[in-house]
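Quick note: residue numbers are just sequence positions, from 1.
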Amino acid sequence: DLGVPFGAKLKQNGFRLNSLNLALTQEVPGNISVLVITQPQLDLMRGEVDKLLRYIERGGNLLWLVDAEPLHGLERLAEKLDLLLPPGIVIDPSSAEMNAPATWSLGAPYPTHAITRNFNLITAFPSARPLIANDNNGWKHHTLVEVAPRGWVSRKIPKGKPVFDKRNDTPGPAIIAMALQRHINDRDQRIVVVGSGAFLANSYAGNGGNVDLGVNIVNWLASEDKLINLGPHTA
């Protein structure tokens with residue numbers, strides 16, 4: 001579920017939020033602005049994933065908050081988006097320097113994109129996983145958040161102070177949020193994938209600029225570009 005602070009902010013911007021049961025609905029409705037996938041607790045049935053893939057094939061816009069392993073049947077969605085989701089979580093030393101948990105990654109500064117233009121708030125990503133884009137002429141991939149230039153991707157959740165294991169770990173930096181775009185069926189299709197399922201959950205949405213970045217992402221996905229970065233920024 002989306003966090004309450006984030007959902008409330010979207011409602012303030014005029015969005016209507018509804019849950020969707022893929023097991024019961026015949027198809028993902030074609031009149032929605034953005035479909036959000038976040039933290040599935042059970043494996044999706046093949047028919048449910050088929051409906052998601054047809055939604056993508058029709059040009060639907062998507063926000064996918066990807067948990068750490070397992071993917072619960074969404075591997076086919078990653079393939080559809082030409083994304084590789086290697087195992088492991090990002091260890092970002094800058095988190096410890098900010099007295100945050102070792103398994104958090106901190107975003108800022110950000111690459112240039114409509115979503116992050118003039119955005120200068122720190123964002124926190126619990127147990128973030130790396131994203132890698134396959135080269136493909138169909139999708140344009142844009143990095144939104146790159147973290148841990150002094151960190152690494154660890155195959156194991158650290159116990160105590162994390163230590164880089166050169167045999168099993170991958171040096172940073174790591175891309176953990178990405179925007180995808182293509183023109184299909186006479187429309188501009190927009191997708192954002194964030195490698196942290198809890199990024200906008202209640203427990204973490206109050207950290208730094210998480211809600212503000214989440215709102216920017218949804219505004220861009222819904223082609224409400226004029227609303228991006230118009231909200232008040234608090235310290």
Side-chain angles (χ1 to χ4, degrees), residues 2-3 6 9-10 13 33-39 56 60-68 74 77-78 80-86 88-90 92 94-95 104-136 138-149 151 153 172-183 188-201 204-205 207-231 233:
L2 294 179
F6 178 58
K9 196 71 174 286
L10 290 180
N13 282 14
S33 299
V34 181
L35 176 66
V36 181
I37 302 175
T38 175
Q39 296 180 292
I56 299 301
N61 299 326
L62 172 71
L63 170 57
W64 184 14
L65 306 181
V66 188
D67 258 337
L74 292 174
L77 178 58
K80 186 73 174 177
L81 302 179
D82 290 308
L83 286 178
L84 299 177
L85 302 176
I89 63 171
V90 179
D92 188 351
S94 61
S95 295
W104 286 22
S105 296
L106 300 183
Y110 305 91
T112 301
H113 187 272
I115 291 173
T116 54
R117 186 180 299 124
N118 299 323
F119 188 83
N120 55 13
L121 301 177
I122 294 176
T123 46
F125 301 85
S127 301
R129 65 181 303 159
L131 312 174
I132 299 175
N134 271 327
D135 291 330
N136 184 286
W139 293 101
K140 293 181 179 178
H141 298 86
H142 305 272
T143 298
L144 294 179
V145 182
E146 186 176 61
V147 298
V153 177
I175 296 171
I176 62 169
M178 190 178 296
L180 292 76
Q181 207 167 355
R182 68 175 177 175
H183 193 75
D188 184 30
Q189 184 178 22
R190 298 179 174 188
I191 291 175
V192 170
V193 182
V194 181
S196 174
F199 162 57
L200 294 170
Y204 307 102
N207 291 288
N210 282 27
V211 167
D212 296 83
L213 182 60
V215 170
N216 276 9
I217 288 172
V218 172
N219 284 336
W220 180 77
L221 289 170
S223 296
E224 297 289 351
D225 298 51
K226 62 182 180 296
L227 297 178
I228 294 176
N229 287 325
L230 291 185
H233 287 172

ask   = Any donor and acceptor pair, going by atom type alone, linking the side chain of Thr116 with main-chain N or O of Leu144 inside 3.5 Å?
value = no

Counterpart residues, ring pair (Phe, Tyr, Trp, His ring centres under 6.0 Å), relative to His113 (two or more places apart) = His142, Trp220

message = On a heavy-atom basis, which atom in Gly88 and which in Pro130 lie closest, and how many Å separate them?
response = O-CD, 3.7 Å

ask   = If we only count heavy atoms from C-beta on, is the Tyr110 to Val145 side-chain gap below 4.5 Å?
value = yes

ask   = Does some side-chain heavy atom of Val194 sit less than 4.5 Å from a side-chain heavy atom of Leu200?
value = no

query = Where the side chain of Arg117 meets the backbone of Thr112, is there a donor-acceptor pair that is under 3.5 Å apart?
reply = no

task = Could you tell me which non-hydrogen atom of Gly60 sits nearest to which non-hydrogen atom of Gln189, and how far apart they are?
result = O-NE2, 2.8 Å

ask   = Would Glu224 and Asn13 satisfy side chain to side chain contact (heavy atoms under 4.5 Å, CB included), going step by step from the backbone distance to the final call?
value = CA-CA 10 Å; Glu224 297 289 351; Asn13 282 14; over 6 Å; no

Ile56 side chain near Leu77 side chain, heavy-atom distance below 4.5 Å = yes

key: Heavy-atom side-chain contact between Ile176 and Val90 under 4.5 Å   = yes

Closest heavy-atom pair and its distance - Ile89, Ala68 = CG2-CB, 4.3 Å

ask   = Taking all non-hydrogen atoms of both residues, which atom of Arg190 and which atom of Leu221 are closest, and how far apart?
value = O-CD2, 3.3 Å

